[in-house]
*Asks:* 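Next up is a structure, given as structure tokens.
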2 protein chains.
Amino acid sequence: MTARRRGKAPSQADVARLAGVSQSAVSRVISGNAATARIPEDTRQRIFQAVRELGYVANPAARAMRGKRTNLLGVHTFERVFPHAREDFYFEFLLGIEERAEETGFDLVLFTSTGSGGSGERGERKIYKDGTNRLNMADGSILLGVSTDRGELARLWYEGYPFVHIGRREVPGAEIPQVVPDYRGASGAIVDRLAELGHRRLGYVREWLEMEPYEDRRAGYAEAVERLGLTDESPGFRGAHGIEADWLDEVAGGAATAIVVESVRLAESLRDQLAARGRKIPDDVSVAVLEAAPADLSGQWDSLVIPRTEIGRIAVDRLQAMLDDPDQRTGSLLVPCPLIPGTTVAAVGD
Amino acid sequence: MTARRRGKAPSQADVARLAGVSQSAVSRVISGNAATARIPEDTRQRIFQAVRELGYVANPAARAMRGKRTNLLGVHTFERVFPHAREDFYFEFLLGIEERAEETGFDLVLFTSTGSGGSGERGERKIYKDGTNRLNMADGSILLGVSTDRGELARLWYEGYPFVHIGRREVPGAEIPQVVPDYRGASGAIVDRLAELGHRRLGYVREWLEMEPYEDRRAGYAEAVERLGLTDESPGFRGAHGIEADWLDEVAGGAATAIVVESVRLAESLRDQLAARGRKIPDDVSVAVLEAAPADLSGQWDSLVIPRTEIGRIAVDRLQAMLDDPDQRTGSLLVPCPLIPGTTVAAVGD
DNA sequence: AGGAGGTGCTCATACGTATGAGCGCTGATG
DNA sequence: CATCAGCGCTCATACGTATGAGCACCTCCT
């Protein structure tokens, strides 16, 4: 047995010939909705018989060309999808996207071709490459990651391409549809909890990045501090990055009883530097982290859960809603991030 | 500023109108090879200008229909790609596939739509679903995973669709192109090593599965035992699955000095049951595992490395070779699996 | 008998791209 | 001046599918 030589898959026309009907009859039977197709059972059977005999399968490209959906859902990540390190970032989003795509009968296109040419480059990916946008290969796309070039997003939006961005990204003049973890709310909730436990003087340690997800955290924190009438004079609260030694000395002296930190990395550093000053967490200072702690550290830091899988699923659903109703240009959707208790926050004076 | 309303992406015809040329001129400039297109520089520029102005991008469906490449590389997994168990099977293969696809300018399409309808099902995916084979949306595909239905593979091969299977899978009558970890060679090498260390009486513990990858291991092991004139009367060697208590008693009594095990899972069970009989690894019995140990156990078990990333890359390259030369119907390619030393194999009598 | 309405299809065309064939023009050559 | 080659395009068509329009035939009703 030898493979049929690569030429010509059978078409509807072939099927039609074999069944002794016209091509359009075949089309009607195979894919036409039963309503418009008034074809009696015996003809149907003859056609299906011919289909089986020839091993006919519909050509999706041709089908797509008739203005039907391609049933392809694009996924554009601004960095490599399967990274060596930091695999946790994309992975869970993709998990949800894949699940939901499968459930709704879509295939996923991972756009990788838009890397910046040479292989050794920074791995940063662009949507538009030499004036061509591969994204509309798919019915719509989910965008994911750290998009440095907002112009691209603006253009995509302007062109009316249906897409959903995961994570908040503000682009002036464009109201891009996005699914956003509610860092702001979660940060506020963490402050609420600290206040409940009797903490009045707080501190804040911020990362170096100036992107929206961090802005949200900072806003939520500042808002809650204000609302509850707490005090914070930490450098991070005023905009300084990282941990300052002077301030640590003050904290060790009791200037703050609870500290909110933007990342596990910084929290660990904080822990070590406090330890060096003879202060323990949570006995002397409570610490909460505004990030999802990795699985092996979960249950340790008081932190938050980013429901990434759920966000991926939601993004798919919103995209599909946009496809079904093109006029529906929805804005942001906030997804709550529950707090997860750990062992680094305690009531004041315990 | 409002988004362009979602009607009709611009076509070559639109570009042509704007540039004042014919559609075919546009086609020639954009995608025709320079040889056949005798279009002077200024017209080219005018056309490209119009392309930019309209944001034209080629319709892949139409292009595919004309028999051109879509630059889409299919990935069909017979189970879900992003499983919950993270260290899983697929991840590293995909890593390599993605890297290589990016380097060679292909996008990846993950075929998820072929799941068996309802969401709660077994998650087993089919290639052919209600008479349509979505795979030929892509230029070619990489198949990956535990394909239960060999008929599908046979049919795909018969139809001349270009694909590469990762992992060995025998289909009678079809010579399917595949990239295969050399379990057979690795198993032999492990026996070689044991023999070098003075072991003469071996044992073998097999998994329950009867699929090719395990057959390869068993063949390699049996072959080496025979070749080196060693002895093995273990139940696993004769075909029994799992670990038998009677035999364990014999081993504890010195019937075998080294045992080759098909999985870490079984090896751990073996270790515990030997311990219960007062025997230690490797002091009393050496144990080697014919599987890649998870990262956190690496350096512990004597085991082997499955170069998954590399295999993914190779699969992409082979597929591309097939695309470039459709007559090239290559068979299996073996990829060596190096042994990785651990602490569970020792010289006899140490 | 004549019309209405239904059945079982076929015809023709559109979708967007690629490409072989060919047409009108210009400049060079014999 | 006639011929010819090359240039710069256009024309026409094919790819496979979906679908509105319509045709021929039949049945039923008045």
Side-chain angles (χ1 to χ4, degrees), chain A residues 6-48 50-51 54-71 132-134 136-137 139, chain B residues 7-47 50-51 54-72 130-134 136-137 139 159:
Chain A
R6 197 96 203 72
K8 315 281 94 256
S11 69
Q12 287 186 354
D14 300 320
V15 174
R17 241 178 324 266
L18 183 57
V21 295
S22 73
Q23 175 264 325
S24 46
V26 175
S27 172
R28 300 204 125 91
V29 166
I30 289 181
S31 47
N33 42 7
T36 62
R38 309 171 303 190
I39 311 262
E41 198 50 31
D42 55 341
T43 310
R44 288 186 117 74
Q45 289 312 321
R46 230 173 342 122
I47 289 175
F48 281 127
V51 163
L54 295 178
Y56 165 83
V57 316
N59 177 335
R63 189 169 273 185
M65 233 189 60
R66 267 310 309 234
K68 291 286 239 190
R69 301 274 183 81
T70 51
N71 273 338
T132 174
N133 159 13
R134 297 261 305 160
N136 48 17
M137 190 85 97
D139 294 337
Chain B
K8 310 278 100 252
S11 70
Q12 287 186 353
D14 299 320
V15 174
R17 244 183 316 274
L18 183 57
V21 294
S22 74
Q23 176 264 326
S24 46
V26 175
S27 173
R28 300 204 125 89
V29 166
I30 289 182
S31 48
N33 44 7
T36 62
R38 309 171 303 188
I39 311 263
E41 199 49 31
D42 55 342
T43 309
R44 290 183 118 72
Q45 289 313 323
R46 227 172 346 122
I47 290 175
V51 163
L54 294 177
Y56 165 82
V57 9
N59 176 333
R63 183 170 277 188
M65 235 186 60
R66 276 298 318 222
K68 282 291 233 192
R69 300 272 184 84
T70 53
N71 273 338
L72 289 178
D130 43 51
T132 175
N133 162 12
R134 300 261 307 157
N136 44 24
M137 207 70 149
D139 294 337
E159 286 178 355

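Sequence lines set the chain letters: A, B, ... in the order given, protein chains first and strands last, and positions in each chain run from 1. Being a predicted model, the structure only gives us computed values, none of them experimental.
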*Asks:* Expressed as a whole number of angstroms, how long is the span from A:N59:CG to D:dC15:P?
*Replies:* 12 Å

*Asks:* Taking only side-chain N and O atoms of A:S31, does any of them lie within less than 4.0 angstrom of OP1 or OP2 on D:dA18?
*Replies:* yes

*Asks:* Could you tell me how far apart B:E41 (CD) and D:dC7 (C1') are, to the nearest whole angstrom?
*Replies:* 15 Å

*Asks:* Between B:I47 (CD1) and D:dC9 (C1'), how many Å, whole number?
*Replies:* 10 Å

*Asks:* Scan A:D14, A:I30, A:I47 and name whichever one has a side-chain contact (heavy atoms from CB on, under 4.5 Å) with A:Y56.
*Replies:* A:I30

*Asks:* How many whole angstroms separate atom CD1 of A:I39 from atom P of C:dT7?
*Replies:* 13 Å

*Asks:* Which whole-number value in Å describes the distance from B:R38 CZ to C:dC25 P?
*Replies:* 16 Å

*Asks:* Closest-nucleotide mapping onto DNA chain C: is A:G20 or B:S27 further toward the 5' terminus? I mean the 5' end.
*Replies:* A:G20

*Asks:* Where is the tightest heavy-atom contact between A:R46 and A:G20, given as atom of each residue plus distance?
*Replies:* NH1-O, 4.3 Å

*Asks:* D:dA18 phosphate, OP1 or OP2: any side-chain N/O from A:S24 under 4.0 angstrom?
*Replies:* no

*Asks:* Could you check A:V29, A:I39, A:V15, A:V26 and say which one makes a side-chain contact (heavy atoms from CB on, under 4.5 Å) with A:V21?
*Replies:* A:V26

*Asks:* Have a look at A:Q23 and tell me which of A:R28, A:R17, A:Q12 forms a side chain to side chain donor-acceptor pair (under 3.5 Å) with it.
*Replies:* A:Q12

*Asks:* For B:V26, answer base if it contacts any base atom (sugar-phosphate contacts may also be present), sugar-phosphate if it contacts only those atoms, and nothing otherwise; contact means non-hydrogen atoms under 4.0 Å.
*Replies:* nothing

*Asks:* From OH of A:Y56 over to C1' of D:dA18, roughly how many Å is that when rounded to an integer?
*Replies:* 11 Å

*Asks:* Could you tell me whether the phosphate oxygens of D:dA18, OP1 or OP2, come under 4.0 Å of any side-chain nitrogen or oxygen in A:R28?
*Replies:* no

*Asks:* Bend across the helix from C:dA1-D:dT30 to C:dG30-D:dC1, to 10°, with axes taken over 5 pairs at each end?
*Replies:* 70°

*Asks:* B:S11 has a side chain; which of D:dT17, C:dG16, D:dG8 sits nearest to it?
*Replies:* C:dG16

*Asks:* Can you find a donor-acceptor N/O pair under 3.5 angstrom joining the side chain of A:R66 to the base of C:dA14?
*Replies:* yes

*Asks:* For B:A61 and A:A64, which heavy atoms make the closest approach, and how far apart are they?
*Replies:* CB-CB, 3.9 Å

*Asks:* In whole Å, I'd like the distance from the CZ atom of A:R17 to the P atom of D:dT17.
*Replies:* 12 Å

*Asks:* Do A:Q23 side-chain and D:dA18 base share a donor-acceptor contact under 3.5 Å?
*Replies:* yes

*Asks:* Over how many whole Å does the gap from A:Q12 atom CD to D:dT19 atom C1' extend?
*Replies:* 12 Å

*Asks:* When the nearest nucleotide of DNA chain D is assigned to B:M65 and to B:T43 on a heavy-atom basis, which residue is associated with the more 5' position?
*Replies:* B:T43

